[in-house]
Amino acid sequence: MAPEWRVPLPRDVPSTFEVYLNGVPQKPGVDYTVRNRELVFTRPIAREGKLGKTRWASMFLGVAGTYKQNDSVDVSYQVDGRTVVATALPIIQPG
């Protein structure tokens with residue numbers, strides 16, 4: 001079985017919604033599937049975690065930048081006739 005990256009949907013998301021990865025529209029059945037109220041991606045997506053003291057110091061000194069993968073999954077949907085956008089949803093890594 002291939003690794004899966006999961007993104008839980010907010011509780012108020014109806015059955016019709018749009019998904020964006022880093023601002024780029026994603027297509028259901030092509031880029032992701034929906035299972036048990038979660039978006040399931042089979043390609044790696046990740047959010048950069050908190051930076052530790054060593055990383056902050058190296059950035060401050062100009063030794064290193066922030067070059068880690070930092071994906072953002074957003075969902076746009078309608079509630080009572082208005083558009084709602086849930087941004088930077090949590091990403092659950094495989095494992």
Side-chain angles (χ1 to χ4, degrees):
M1 184 171 176
E4 297 178 337
W5 288 260
R6 298 176 291 122
V7 178
L9 288 169
R11 293 178 193 220
D12 61 342
V13 172
S15 59
T16 303
F17 56 88
E18 297 174 349
V19 176
Y20 299 87
L21 177 61
N22 300 326
V24 178
Q26 303 295 291
K27 293 183 180 179
V30 176
D31 300 308
Y32 70 92
T33 56
V34 179
R35 184 175 10 154
N36 300 326
R37 301 273 314 149
E38 291 181 325
L39 304 174
V40 179
F41 294 85
T42 55
R43 67 177 187 169
I45 58 173
R47 177 166 332 284
E48 183 174 346
K50 292 185 178 182
L51 301 177
K53 292 179 183 177
T54 304
R55 186 86 171 153
W56 272 113
S58 64
M59 285 172 33
F60 179 75
L61 297 171
V63 176
T66 57
Y67 302 112
K68 292 185 178 181
Q69 185 174 353
N70 193 24
D71 293 318
S72 179
V73 177
D74 308 320
V75 176
S76 175
Y77 54 100
Q78 298 286 317
V79 173
D80 297 327
R82 64 182 179 88
T83 301
V84 177
V85 180
T87 61
L89 296 173
I91 299 169
I92 301 170
Q93 302 294 318

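Here the structure is a predicted model, which means the values were calculated and not measured.
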Hey, mind stepping through Asp74 and Ser72 against side chain to side chain donor-acceptor pair (under 3.5 Å) and telling me if it holds?
CA-CA 6 Å; Asp74 308 320; Ser72 179; 3.2 Å; yes
Let me check something: any side-chain donor-acceptor pairs from residues 79-95 under 3.5 Å, sequence neighbours excluded? List them with distances.
| from | atom 1 | to | atom 2 | distance (Å) |
| --- | --- | --- | --- | --- |
| Thr83 | OG1 | Gln78 | NE2 | 2.6 |
| Gln93 | OE1 | Trp5 | NE1 | 2.9 |
| Gln93 | NE2 | Ile45 | O | 3.2 |

If a pair satisfies salt bridge (charged side-chain N to carboxylate O under 4.0 Å, His left out) and one of its residues is in residues 2-19, list it, with sequence neighbours excluded.
Glu4-Arg35, Arg6-Glu38
Common cluster, Val13/Tyr20, ILVMFWY with side-chain heavy-atom separation under 4.5 Å:
no
Residue pair Phe17 / Val34: nearest heavy atoms and the distance that separates them:
CZ-CG2, 3.8 Å
Among Thr33, Leu21, Asp31, Val19, find the one that has a side chain to side chain contact (heavy atoms under 4.5 Å, CB included) with Leu39.
Val19
For residues Phe41 and Gln26, report the shortest heavy-atom separation together with the two atoms involved.
CE2-OE1, 4.4 Å
